[in-house]
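Remarks on the structure that follows.
Every number for a ligand or one of its atoms is a count from 1 in the order of the listing. Owing to the predicted nature of the structure, the values given are computational and were not obtained by experimental measurement.
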Amino acid sequence: MNYQVSARKWRPMSFPDVIGQAHVVQTLVHAVEGKRVAHAYLFSGMRGVGKTTVARILAKAMNCHQGPTPTPCAECQSCVEIANGQSFDVMEIDGASNSGVDDVRSLRENIKIGPAKGARRVYIIDEVHMLTTNAFNALLKTLEEPPAHVIFIFATSELHKIPLTILSRCQHFTFRRIPVQTITDHLQHIVAQEAITISPRGLEITAKAADGSLRDALSLLDQIVAFAGQEVADHQIDTVLGNIPHELRREMFHAVVTRDPARALEVVWAVGDQGGDLHRFLGDLVEDVRSLIVLKISPKSLGRIDVSEGLNREAEEAVRTLTIDDLQRVFDILTQAQDHLKHTEFQNYVLEMAVIKVCQLAASESVSHMDMTNCAKDQITTSRTQTSLETPQAITRGQVSRTTKPSVATRPKSQRVTAPGFSRPIGSKAPVIPNDKKTTRMSTLTIDWTELVERVGVEKPNLATYLEAGVPVKVENGIILIAFSENRDMCREVMARDDNQQYVQNVCRSLCGSEVELKFVRLAKSSEPVKTIGELGQEKHKKQAQNLRDRTLDHPSVRMVLDEFGGQIQDVCEDRAQEGESQ
Ligand SMILES: [Zn+2]
C-alpha cells in the first residue's frame, strides 16, 4: 500500500480548504484580489495550525500562471512545482538550521535574482524566532528596502522572541488554536474518506489530545490506525493516547455529585490499578471543574468549552446541584493537590485525601438537600411496605441514583424533615422559601407519578391510559418497577414495547434529570388489588377535604418555615390534588 501520512495527504491545497483560520484566509484573499499583497508577513501561532500551509497557498496564489488569483489552478507548472516543493521561486527555509548571520547574508544575495517562472519570489522562513540577533539585524536591512519581486513570509510559534523592529515591518497574523469541535469534524471527514471505523467519542478524545493542533490530531490518528487497524475501539485509543478511561472520570463526577467519598476512593484506586498517571487524572478533573464553573456562570458557553460528550449528563447534574461557591472550593482543593503532587512520593495519598475532602465539602454544604432527599426516601419506604395499597407519589432523584449516601444514614432521625402522607418534598414545587436562602439552594427534583402520567398524556394520550393502569411499586438502583394486576396484562404488554418504554423513560428523565429505567411487571395473584391513580385520587380527595388544613398547619416543614421566617398561614389551597402552602 502506498502509505502517506495523513497530515501530508490531507494538507489543504487552497484557501477554502484551510481549517479554523477564516480570519487570516479572508484577509489574504482580499489582498490577492485587490493586488495589495504586502512584502512581509509574520504568521504566529502554535505548531500545526496551518502557518506554512497558508504560506504555500499564498505563494501559489501569487505565482499561478492564471494569477495572481485567490483560487490558484493547482494544474499549471508553477502550482504543481510549489505543491511538490520543487519551485525555484518559492524557498522554504528552516530558521532553526539557518539561524546565523551568514545564512541571512547569502539569502540577501539570493533575493537579488528575479523570479524564474512566477511573478514573485516567495521566501518562507519557518521558526524565524531561532535567528540570532545579528541575523535579525541583517534581515532588517532587507525588510527596510525589499526588492519589488520578493515576498517574505515568516512563521513562528514564539512571537515574543521576534524583535519589534522586525515585527513592525511585517503584516502580522495570529493563527488560532483550533477548537476541539472543528478538529473533530475534520477527523470525521477524513475517517469517512479512509473507511476507518471510529466512534464519535473516539474522534473527540483524539481531537482533545491534539490540544488545538490539527497536524498533531492527524499524527495521532495515524498512530491509532497503525495500532488498531481500520476498526478502532475506544479503549485502543485510550491505550495509544495513554488516557485514563473516560468512565473513571464520569464515576468520579458522580461520586462528587452524590457525595460518596467511598466511591471516589475506589475511582482513585482504579486509576492507579490501571497504571494511569494520577497527575494527569487530577489535571483532567481540574479541567472539568473549570468547565463547570464557566458553564454555571454562562450557560450559553456550552458550545465554547470542551465538556466532552460522555460527561455532559454528569456535568449538567453537577451544574444543577452544586453552587459556584461549591465548585470554586472544589477547584481550589484540586489545584492545591496538584501542587502537592509535585513534591511528594505518595501521589496516591494526596489524591485520595483531595477527593475525600471534595466529597465531604459538598456534603457539608448541602445538608438541606439531603434532608429533602431523605424525606422522600421515607415515603418510598412506607409505600414499599404497603405495595398494593398506596401509590408512591414522589420519587426523588436522590432515590433513583445508584449510590447511597452514608452520611444521610448516619444522621439522627430527629434532625430529618419528614413530610407525612402524600406530600411532595418541600421545595419541589411552588417554593415557599426565597431562592437565595441556603435551605432551598439545593432543590430536590421529583418524579411525581401523577405528573408522569399527565406528561405522557400530552403527546400520547392512549399510552397514558395504559400507563395509568399500573402502579409504581418499587425503586431500586435506578430501576422503577411498575406493576400491573393480572387482568391488566394487555396494558403491561403495550407498555413493555421497546418504543413505548423508551418514550416513558425519556419523559421520566426529563422530569427528574437522571437516567431512569422502567420495568413493567405482573403482580402476583396473591397480592392485594392494585389501586390506580383514579381510585386513589377519589379516596384521597375525601380524606384531604377533612384534614387538609389541620395537617398543613401541623406540617413540620410549615412550622420550620414559620419559625424561621415568621408570618402566619392565611389560606391553604390544593395544588393538583396535592397539598400546598402559602403565606
Ligand atoms: Zn496554477
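- Residues W10 and H186 place their aromatic rings such that the two centres sit no closer than 6.0 Å.
- Partners of E92 according to the salt bridge (charged side-chain N to carboxylate O under 4.0 Å, His left out) rule, which considers only residues two or more places apart in sequence or in another chain, are R56.
- No donor-acceptor distance shorter than 3.5 angstrom exists from the side chain of N98 to the backbone of D103, with no hydrogens or angles considered.
- At most 12 non-hydrogen atoms from other residues, nucleotides or ligands lie less than 6.0 angstrom from CG of D498.
- Here the rule is side chain to side chain donor-acceptor pair (under 3.5 Å) with Y123, and of T142, N110, D89 only N110 fits it.
- D326 places a side-chain N or O within donor-acceptor distance of the main-chain N or O of T323, the cut-off being under 3.5 Å.
- Around the Zn ion (ligand 1), protein N, O or S atoms at less than 2.8 Å number 4.
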